Amino acid sequence: MSVRVRYAPSPTGSPHVGNIRDALFKHLFAKHHKGVNILRIEDTDRTRFIPGVEEEIVESLNWMGIEFQEGFGAGGDHGPYRQSERKELGIYDKWIKVLMERGHAYKAFETAEELDEMREFQKINKQNFGYFGGMWRDATPEQVEAAEAAGKAFVIRQRMPKNSTIVIEDAIRGRVEFDSNTVDDAVLINGDGMPTYHFAAMVDDHLMGITHIMRGEEWISSAPKHAALFDSFGWERPIFVHCPVINGKDGKKLSKRHGDTKCLDFRAAGYLPHTLGNFIALIGWAPGGDRELMTMDELCEAFDLGGLQPAPGVFDMDKLNWMNGHYLRQLSPSEIVTKVREFALAESTAEYWEREANADKSVMPGLLLLNSAAATDLELVERAVQLEQERVVTLAEFGEACAFFFQDEPPFDPKAIEKWFAVPHARQLLEDLVTRFEGVVSCTPEDCESFIRSWAETNAMEKIGPVVHPTRVAMTGKTVGPGLFELMAALGPARIVKRAKRALAQI
RNA sequence: GGUCCGGUCGUCUAGCGGUUAGGAUGCUGCCCUUUCACGGCGGAGGUCGCGGGUUCAAAUCCCGUCCGGACUACCA
């Protein structure tokens with residue numbers, strides 16, 4: 001039988017890296033087995049629905065290259081793939097009726113207040129929390145009829161079997177046993193007639209032929225409810241795969257205080273989708289051996305349940321940065337220029353960098369400058385990008401890193417001036433620089449190098465450092481950056497002269 | 001309170017009864033070198049949570065214990 005898995009997000013918030021990793025695992029698993037990955041929207045709780053999130057889910061998934069062969073936005077024979085629509089079609093009504101008829105579900109008429117009281121009582125008396133039958137599990141048909149006749153609101157609860165052991169075979173953890181008496185009677189249909197996750201997801205998983213229920217480990221404790229549901233219907237249980245979650249550096253659940261966690265924020269921050277994918281695939285899963293840097297195809301090829309980790313992992317930004325720098329270095333300058341330009345122009349990029357949290361970083365001006373420079377002098381931009389790509393970690397950094405190439409008057413770092421324009425030979429050096437390149441049409445890195453070296457030699461300098469540094473400050477305003485000769489050649493004689501003259505005014 | 005899950009360098013992990021416990025990242029030293037990076041070569045960092053067993057032999061198997069986490073909603 002071919003593998004069928006589903007990614008079933010709830011449109012209550014933009015997907016964070018944990019959600020996306022969940023989706024990635026399913027994509028890899030489905031691809032590996034040439035199976036089907038299904039996208040299903042779990043929007044049964046209308047009160048928590050946030051407009052626009054469905055779009056963000058799709059956008060995140062598309063950006064990451066996570067594919068669906070079936071489901072929301074992809075079509076298929078098991079639709080609709082939005083649970084609210086399935087509810088309208090009466091799918092859940094039909095199946096809850098079956099459950100009721102078989103005695104595996106019952107109506108419960110407690111009010112919210114009564115339930116609160118019950119929980120309070122349980123807490124005070126140190127009893128197990130939860131609804132284990134209440135007033136209605138064993139109510140007589142007459143009592144139920146009377147309550148209905150009185151127009152009381154009700155929910156439909158699962159009648160968990162008593163005094164039995166429910167065994168879950170988890171693909172990662174193996175056999176997990178539960179005493180059914182410790183599992184409460186979950187609400188299957190709420191007071192509005194909407195199915196809850198416990199019911200809708202399991203019915204859909206069966207109807208959609210899901211073979212593996214892959215989900216976060218936070219679901220382990222409700223697995224017995226789900227298993228019991230499948231048993232009650234007489235359906236074959238899918239294989240449960242409870243994946244480890246991703247935590248923040250402090251070992252706690254990922255949240256805003258860990259910085260960016262939304263998938264799309266990583267895009268806006270300048271990370272490559274493949275970096276994020278490769279990186280998060282390795283949290284909670286390993287291909288065995290020492291493999292780390294892998295293409296999407298390699299990940300698909302290598303992915304198996306056996307490599308899944310039982311313990312939660314921590315999201316390590318340092319390693320993400322390293323990996324992004326690595327992949328950035330593998331791109332050609334023209335590929336990078338294209339990416340940076342798209343990146344600079346994307347609305348989400350500006351939105352991200354204008355946020356208060358990023359107010360201290362000036363990223364957009366450089367990005368925009370690079371973009372407009374590319375329109376007039378693509379060659380310069382490509383050379384600039386090529387020279388900077390080995391010292392940059394994200395797309396966002398290219399703007400600022402390359403800025404001095406395109407600025408008419410790149411700002412001087414005061415400390416750089418202090419240090420290198422104060423040397424006794426600075427003036428003469430810059431004047432000679434002007435003389436050498438004035439009126440020259442073009443120059444190669446070799447031309448620049450020979451100028452610097454011979455200048456050092458004729459001025460009896462043992463090393464070229466004292467010649468290079470003042471020149472660098474004159475050319476870029478900074479003390480750090482690409483190799484001087486390459487950078488000068490990219491700038492060209494005209495700019496070299498102009499900048500040398502400008503620097504002379506600073507001495 | 002209850003149920004369940006988890007535990008190898010700071011972090012991600014390899015390991016599946018016999019290894020000097022390996023790799024990556026981060027930190028760090030050296031080399032390269034015009035700076036910063038990149039790259040190359042080293043180093044520090046793990047009593048495999050702890051305590052018992054089983055075994056000639058345990059990170060690997062068993063038990064206990066501690067610590068961490070999840071769930072315990074008419075949310076997912």
Side-chain angles (χ1 to χ4, degrees), chain A residues 8-10 12-13 42-45 47-48 108 110-112 115-116 119 122-131 153-157 168 170 172-173 176-179 181-184 186-194 196-198 200-201 215-224 242 244-245 247 249 251-253 279 282-293 307 309-323 325-326 329 388-393 416 420 449 452-453 456 463-469 471-473 476 478-485:
Chain A
S10 182
T12 54
E42 310 223 328
D43 59 345
T44 54
D45 185 355
T47 62
R48 298 206 311 155
E110 281 93 348
T111 62
L115 256 18
D116 285 343
R119 267 187 292 273
Q122 290 171 333
K123 233 167 208 178
I124 292 170
N125 293 284
K126 304 200 167 182
Q127 295 176 352
N128 294 3
F129 309 154
Y131 191 98
F154 64 87
V155 297
I156 298 178
R157 287 183 182 271
I168 305 295
D170 182 82
I172 301 175
R173 292 148 230 277
V176 182
E177 294 185 9
F178 295 85
D179 175 347
N181 293 341
T182 66
V183 183
D184 64 334
V187 170
L188 265 20
I189 302 290
N190 72 20
D192 294 329
M194 290 298 282
T196 61
Y197 171 86
H198 297 305
R215 52 181 9 176
E217 64 179 327
E218 71 270 19
W219 289 105
I220 293 180
S221 47
S222 39
H242 289 103
V245 296
N247 289 329
K249 253 207 152 61
K252 295 197 172 122
K253 220 169 170 178
F279 180 68
L282 263 20
I283 303 178
W285 175 78
D290 294 332
R291 297 219 282 163
E292 275 202 322
L293 265 4
Q309 199 77 11
V314 171
F315 193 90
D316 180 4
M317 278 299 284
D318 286 334
K319 190 156 184 177
L320 204 227
N321 283 331
W322 160 75
M323 198 178 275
H326 170 83
R329 266 168 249 129
E388 288 292 354
Q389 77 175 317
E390 61 194 29
R391 73 204 80 235
V392 141
V393 160
W420 293 109
E449 179 166 6
I452 295 291
R453 290 198 186 281
K463 291 189 173 174
I464 65 170
V467 183
V468 165
H469 299 307
T471 309
R472 171 187 299 287
V473 176
T476 71
K478 303 187 292 184
T479 56
V480 299
L484 180 66
F485 316 136

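Values below: every heavy atom of this structure, side chains too, minus hydrogens, waters and symmetry copies. Sequence lines set the chain letters: A, B, ... in the order given, protein chains first and strands last, and positions in each chain run from 1. Note that the coordinates shown come from a computational prediction; the quantities given were computed from them, not determined experimentally.
A donor-acceptor pair under 3.5 Å links the side-chain atoms of A:R173 to the main chain of A:H242, judged by distance alone. At least one donor-acceptor pair under 3.5 Å links the side chain of A:Q122 to the backbone N or O of A:G130.
Nearer the 5' end of RNA chain B, as judged by each residue's closest nucleotide, is the contact made by A:Q309, out of A:A8 and A:Q309. Along RNA chain B, the nucleotide nearest A:G289 and the nucleotide nearest A:T111 are compared for position; the residue whose nucleotide lies closer to the 5' end is A:G289.
Between the P atoms of B:rC12 and B:rU65, the separation comes to 27 Å (whole Å). Rounded to whole Å, the P atom of B:rG64 lies 12 Å from the corresponding atom of B:rC4. Rounded to whole Å, the C1' atom of B:rA14 lies 10 Å from the corresponding atom of B:rA21. Distance check on atom P: B:rC9 versus B:rC5 gives 22 Å, rounded to whole Å. Taking atom C1' in both B:rC27 and B:rU34, one finds a spacing of 27 Å when rounded to whole Å. Taking the P atoms as reference points, B:rG69 lies 38 Å from B:rA37, given to the whole Å. Separation of the C1' atoms belonging to B:rG43 and B:rG2 is 50 Å when rounded to the nearest angstrom. Using C1' as the reference atom, B:rC16 and B:rG29 are 36 Å apart when rounded to the nearest Å.
Scanning for ring pair (Phe, Tyr, Trp, His ring centres under 6.0 Å) contacts around A:F154 gives A:F109, with sequence neighbours left out.
With a cutoff of under 4.0 Å to any heavy atom of chain A, the contacted region of RNA chain B is bounded 5' to 3' by B:rG1 to B:rA76.
At the heavy-atom level, A:F485 lies under 4.0 Å from base atoms of the strands shown.
Taking the six-membered ring where the residue is Trp, A:F279 and A:F315 present perpendicular rings, their angle passing 60° and hence far from 30°.
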